[in-house]
Peer 1: 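Dropping the structure in here first, questions after.
Here the structure is a predicted model, which means the values were calculated and not measured. Reckoned from all heavy atoms, side chains included, excluding hydrogens, waters and symmetry mates. Letters A, B, ... mirror the listed sequences (proteins, then strands); counts begin at 1.
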Number of protein chains: 2
Amino acid sequence: MSDVYKALADETRRLLLDELMQRDEQTLFELCTKLAMHHDLTPTRQAVSQHLDVLEAAGLVRTERRGRYKLHTINTAPLAQIAERWPTRRTRT
Amino acid sequence: MSDVYKALADETRRLLLDELMQRDEQTLFELCTKLAMHHDLTPTRQAVSQHLDVLEAAGLVRTERRGRYKLHTINTAPLAQIAERWPTRRTRT
DNA sequence: AGCATAGGCAAGCGTTCACTTGCATGTCAA
DNA sequence: TTGACATGCAAGTGAACGCTTGCCTATGCT
């Protein structure tokens, strides 16, 4: 779980998760394009690739090779555990 | 919210939140002691103080001065927003 | 085969971060 | 008032981080 928190610390990685929420199974180039179009971010392809590596190592992204394409899919499971660790205590009634 | 994610990136800060979940209104020294007792961590007082500053800046900790004591209390509200940003999609039925 | 496309590897660079050290401020009790 | 206690401020250091650059591998199409 330590890797999950570190993965979320970067804004670009959070935006990548946002884009994957919109649609699963996106390639590196698709995600690069959307960062530029939706968020005016123009990091290099390698930078985005490294971000995706971090997300995958944290278990937040699953990948699948299909021919020369590598498809990325979000996995929200680790995120649910964050809210569970520090649950909002019930207001005394 | 960006500060919230960065605040959570450090393990010591997450443990501080854990301790504040156990009991609110703890002083800097109390938290230092608990890090040592419960987690075998012995950072200096200043290091812990800086961590608490980060947590406060992120809105995850509220403080109140009472005489020479500064009491720290957790605020879980920002944490709930994390799970809301990337909700687990319902499995197709 | 030849070429374009999609992605991978690795070194280098500047910044941020966590931490320590040293000193200063403020509060309370005797 | 004096001393002990709780906290604050600031500079310095080493490591981690995000990013770029340059080159390499692999797949698919004509």
Peer 1: Choose from C:dG8, C:dC17, D:dC19 the nucleotide whose nearest atom is closest to any side-chain atom of A:Ala47.
Peer 2: D:dC19

Peer 1: Quickly work out the A:Leu28 CG to C:dC9 C1' distance and round it to whole Å.
Peer 2: 14 Å

Peer 1: What's the CG-C1' distance between A:Leu41 and D:dC19, to the nearest Å?
Peer 2: 13 Å

Peer 1: To the nearest Å, how far apart are B:Asp53 CG and D:dG8 P?
Peer 2: 7 Å

Peer 1: Would you say the side-chain atoms of A:Lys34 and A:Gln26 include a donor-acceptor pair closer than 3.5 Å?
Peer 2: yes

Peer 1: What is the minimum heavy-atom distance between A:His72 and A:Leu20, and which atoms define it?
Peer 2: O-CD2, 3.4 Å

Peer 1: I need the NE2-C1' distance between A:His72 and C:dG8, as an integer number of Å.
Peer 2: 12 Å

Peer 1: Identify, between A:Thr42 and B:Leu71, the residue whose nearest nucleotide on DNA chain D lies closer to the 5' end.
Peer 2: B:Leu71

Peer 1: So if I define the base as every atom that isn't primed, P, OP1 or OP2, how would nucleotides 22-30 of chain C read as a B/S/- string at a heavy-atom cutoff under 4.0 Å?
Peer 2: B----BS--

Peer 1: I'd like to check the side-chain contact (heavy atoms from CB on, under 4.5 Å) partners of A:Lys6; sequence neighbours left out, ordered by chain and number.
Peer 2: A:Ser2

Peer 1: Atom CD of A:Glu11 and atom P of C:dT16: how far apart are they, to the nearest Å?
Peer 2: 16 Å

Peer 1: Report the distance from atom CG of B:Leu52 to atom C1' of D:dA6, rounded to the nearest whole Å.
Peer 2: 13 Å

Peer 1: Within the structure provided, determine whether A:Leu15 and A:Thr12 are in side-chain contact (heavy-atom separation under 4.5 Å).
Peer 2: no

Peer 1: Knowing that exactly one of B:Glu25, B:Glu30, B:Glu64, B:Glu56 qualifies, which makes a salt bridge (charged side-chain N to carboxylate O under 4.0 Å, His left out) with B:Lys70?
Peer 2: B:Glu56

Peer 1: Compare side-chain N and O positions of A:Lys70 against OP1 and OP2 of D:dT27 and report whether any pair is under 4.0 Å apart.
Peer 2: no

Peer 1: OP1, OP2 of D:dT20 versus side-chain N and O of A:Thr44: anything below 4.0 Å?
Peer 2: yes

Peer 1: For residues 74-84 of chain A, which side-chain N or O atoms pair as donor and acceptor with protein atoms under 3.5 Å away, sequence neighbours left out?
Peer 2:
residue: A:Asn75; atom: OD1; partner: A:Ala77; partner atom: N; Å: 3.4
residue: A:Asn75; atom: ND2; partner: A:Gly59; partner atom: O; Å: 3.0
residue: A:Thr76; atom: OG1; partner: B:Thr88; partner atom: OG1; Å: 3.2

Peer 1: Measure the distance from CD on B:Glu64 to C1' on D:dA6 and round it to the nearest whole Å.
Peer 2: 16 Å

Peer 1: Can you give me the closest heavy-atom contact between B:Trp86 and A:Arg14, atom names plus distance?
Peer 2: CZ2-O, 3.6 Å

Peer 1: Tell me the interatomic distance from B:His51, atom NE2, to D:dG8, atom P, rounded to whole angstroms.
Peer 2: 15 Å

Peer 1: Between B:Tyr69 and B:Gln50, which has a closest nucleotide on DNA chain D that is more 5'?
Peer 2: B:Tyr69

Peer 1: Identify which nucleotide among D:dC19, C:dG8, D:dC17 has an atom closest to any side-chain atom of A:Ser49, counting heavy atoms from C-beta outward.
Peer 2: C:dG8

Peer 1: Categorize B:Phe29 for me: base, sugar-phosphate, or nothing, with a 4.0 angstrom heavy-atom threshold over every strand shown.
Peer 2: base

